[in-house]
Amino acid sequence: MNSEFLILMKQEMGVTLILFILLFLKIWDGIKENGILLHLINVLLLLNFLLGFVLNQNGELFNGMFATNSLRVMEKSVLNLGTLIISLQAYDYLKSHKHLLEFFMLLLSTLLGMFFMISSNNLLMFYLGIELSSIPLAAMANFDMDKIKSSEAAVKMILSSAFASALMLFGISFLYGTSGTLNFQELVSLITGSPLQVFALLLVFSGFAFKLSAVPFHLWTADVYEGAPVAVTSYLSVISKAAIVFVTLSSLAPLFSHLNEMWYHLLFVTIILTITLGNIFAIRQDNIKRFLAFSSISQVGFILLGISSGTATGATSAIYFLVVYIFSNLGAFGVIALLSSQTGKENISDLKGFYQTNPLMGWVLAISLFSLGGIPPTAGFFGKMFLVTAGAAKGNYVLITIAALNMVISLYYYLRVVKAIFMDKNETPVEPLRGSLSLRLALLICMIGVVGTGFAGGFFEHIYQLAAK
Amino acid sequence: MNEIGLTHILFVSTMLFFIGVYGFLTRKNMITMLMAVELILNSVNINFIAFNKYLYGDKLDGLFFTIFIITIAAAEAAVAIAIIINLYRNLKSIDVDDADIMKF
């Protein structure tokens with residue numbers, strides 16, 4: 001029993017262990033050098049990532065509250081890799097920060113929450129996971145304590161996420177009231193579509209849409225992304241979003257499988273609004289973090305398009321797209337983190353003539369944006385193609401047409417940034433940036449991911465086999 | 001007098017829920033908005049307890065859920081108030097209308 005317990009929860013155990021190590025380091029206060037601490041944390045995260053490849057086993061724990069299988073282990077590994085990349089990228093920001101350890105304690109608590117959320121097999125466990133992953137995030141958004149923007153972002157985030165989870169809880173209470181159980185497997189057969197359950201679906205779905213920042217629940221996103229430090233923004237836009245999508249795929253969509261029609265109509269409206277409004281607002285942004293916030297809103301719309309198909313192919317393409325999205329978005333955020341930490345500039349107009357002084361970084365940013373826009377040699381193209389193909393299987397051509405049109409609009413604003421980097425003339429371009437070794441390593445991983453996942457065809461097949469089980 | 005049934009309690013909790021939603025959307029003071037969220041959470045607690053007592057008396061799921069909600073609400077309030085205090089130090093106000101540096 002004991003060894004099984006350790007094996008099934010290996011990744012959670014790993015993160016908890018790292019958290020304890022950090023706590024002891026904080027009390028011991030022996031390592032004064034931030035750089036050494038950062039390298040230590042990165043090595044620990046790498047070890048935890050490698051742990052995802054060994055001793056995989058399916059099973060349940062705590063009376064069916066916690067369930068795991070190979071797909072969930074893979075999803076957690078993806079999140080772990082993303083966190084590692086972010087921690088590598090944050091090197092320049094955290095090197096001289098005096099609250100380095102607190103930053104990682106909060107970061108890893110949210111990661112732990114996401115792991116539990118992904119593995120939850122019970123509404124209580126799910127609620128605990130979602131709260132553990134969202135409360136420390138608000139504290140992290142406030143990490144630049146003396147900046148008004150940062151505090152404002154944190155206030156907006158904690159109030160809206162508290163409201164969203166309260167709405168979701170009200171829905172959960174009706175699910176409990178009409179079925180008498182909190183276990184996902186038992187709930188599936190007991191959700192038959194009584195009015196109270198439809199009301200519950202609406203409330204739970206709006207809670208999810210808040211966390212996913214789908215329109216009309218997206219208003220907090222751009223402000224929080226702009227105000228928070230770049231490391232937190234990239235974590236928010238990539239890891240926390242990916243975790244929620246994974247949960248939607250593994251728990252929420254199957255949970256309401258008896259309310260198929262209703263679920264599809266909800267998604268239909270949300271997808272159209274999310275893709276279109278995200279795009280329209282992205283066009284008019286100048287702050288690059290805000291720009292990426294709105295572009296990520298519209299990406300969520302595409303992910304929901306894959307989910308709406310309700311098949312294993314749809315789930316696979318959503319997971320595949322998220323992996324690609326993590327690499328390409330983190331590639332873009334890595335360059336922005338460097339730009340922001342060395343010059344304090346965060347606007348698209350500052351990027352004019354970026355290529356003249358920083359050719360390599362210019363290429364990295366351009367390739368990431370190509371991938372986000374879905375231009376062929378990069379993996380982003382395959383991701384979008386799989387998502388739209390999966391969505392088209394339902395035969396709803398209105399939806400597909402709107403999605404395709406929006407892809408063209410999104411190309412406009414991604415290429416606008418690329419144009420600023422390569423073609424626009426500027427008398428005083430940004431001075432040459434000197435990235436640390438960790439940052440360059442992180443960008444290298446991202447670039448390999450962006451190009452590699454597109455060409456490694458076996459990867460999609462691998463996810464499909466895990467998802468189809 | 002009729003005995004108090006499940007519907008009566010659900011009526012109270014639903015009313016509490018909508019008062020909370022209304023308060024969250026109309027109030028300008030951040031602390032009051034936080035209190036409105038607590039109202040919603042309390043309506044959820046009432047729901048869970050009522051369902052547990054009237055419908056599923058042999059199980060304890062609802063009671064456990066309530067205890068967890070109370071605990072997490074406290075944690076959430078602690079973090080939220082810490083953030084609001086920090087904002088107050090910078091902005092000298094806890095009115096949401098004043099926290100409008102970032103727009104659209």
Side-chain angles (χ1 to χ4, degrees), chain A residues 122-125 127-128 130-132 134-139 141-142 145-183 196 203 219 222-227 281 284-285 287 290, chain B residues 6 10 13-14 17 20-21 24-25 30 33-34 36-52 54-56 58-59 61-62 64-66 68-69 71-73 75-91 94 96 98-104:
Chain A
N122 184 298
L123 283 169
L124 177 55
M125 197 68 174
Y127 170 66
L128 291 177
I130 210 169
E131 288 296 306
L132 183 55
S134 65
I135 297 177
L137 264 182
N142 202 357
M145 295 236 280
D146 46 350
K147 285 192 187 147
I148 296 187
K149 266 190 176 180
S150 185
S151 315
E152 190 186 317
V155 162
K156 284 175 176 167
M157 181 162 179
I158 188 94
L159 285 178
S160 48
S161 92
F163 185 61
S165 39
L167 284 186
M168 188 158 64
L169 266 183
F170 199 64
I172 289 176
S173 80
F174 281 132
L175 285 184
Y176 173 70
T178 48
S179 68
T181 176
L182 293 169
N183 188 298
L196 263 187
L203 288 169
L219 290 163
D223 291 355
V224 175
Y225 282 23
E226 187 187 344
F281 278 92
R284 56 189 290 272
Q285 301 305 327
N287 182 300
R290 265 184 109 72
Chain B
L6 181 59
L10 285 188
S13 78
T14 311
F17 173 77
V21 172
F24 185 82
L25 297 177
M30 286 172 194
M33 285 168 79
L34 203 63
V37 173
E38 300 290 317
L39 277 187
I40 304 178
L41 289 177
N42 280 336
S43 81
V44 176
N45 284 342
I46 294 175
N47 260 354
F48 268 114
I49 296 286
F51 283 133
N52 199 16
Y54 284 91
L55 298 178
Y56 314 107
D58 52 333
K59 287 191 250 173
D61 291 355
F64 286 142
F65 213 121
T66 311
F68 277 104
I69 292 174
T71 322
I72 288 184
E76 203 160 46
V79 174
I81 290 174
I83 291 173
I84 293 173
I85 290 175
N86 192 46
L87 181 73
Y88 179 75
R89 288 206 182 120
N90 293 325
L91 200 68
I94 51 166
V96 275
D98 292 334
D100 61 351
I101 305 165
M102 295 175 288
K103 268 191 212 167
F104 305 114

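Residue numbers start from 1 in every chain, and the chains themselves are labelled A, B, ... in the order their sequence lines are given, proteins ahead of strands. On a predicted model such as this, the values are computed, not experimentally measured, just so you know.
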Chain A: which of B/Thr71, B/Ile84, B/Ile69, B/Leu55 shares the most heavy-atom pairs with it under 4.5 Å?
-> B/Ile69

Using the six-membered ring wherever Trp is involved, compare the ring planes of B/Phe48 and A/Tyr176 and label them parallel, tilted or perpendicular (cut-offs 30° and 60°).
-> tilted

Those residues at least two apart in sequence (or on a different chain) that pass side-chain contact (heavy atoms from CB on, under 4.5 Å) with B/Ser13 are B/Leu10, B/Ser43, B/Ile46, B/Asn47

Sort B/Asp100 into side chain, backbone, both or neither according to what part of it lies under 4.5 angstrom from a heavy atom of chain A.
-> backbone

Taken in chain and number order and not counting sequence neighbours, the residues that satisfy side-chain contact (heavy atoms from CB on, under 4.5 Å) with B/Ile49 are B/Leu63, B/Thr66

Chain B heavy atoms under 4.5 Å from A/Leu219: which part of the residue, side chain, backbone, both or neither?
-> neither

Against chain B, label A/Glu226 side chain, backbone, both or neither, depending on which of its atoms sit under 4.5 Å from a heavy atom there.
-> both

Identify which part of B/Phe65 has an atom lying under 4.5 Å from any heavy atom of chain A, answering side chain, backbone, both or neither.
-> both

Verify, without hydrogens or angle tests, whether B/Lys59 (side chain) and A/Gly180 (backbone) share a donor-acceptor contact under 3.5 angstrom.
-> yes

Could you look at A/Leu203 and say if it's the side chain, the backbone, both or neither that has a heavy atom under 4.5 Å from chain B?
-> side chain

Under 4.5 Å from any heavy atom of chain A - which part of B/Ile101 | both

Describe, in one word, how the ring planes of B/Phe17 and A/Phe170 are oriented to each other, choosing from parallel (under 30°), tilted (30 to 60°) and perpendicular (over 60°).
-> parallel

Can you check whether A/Leu169 reaches B/Leu41 side chain to side chain, under 4.5 Å on heavy atoms?
-> yes

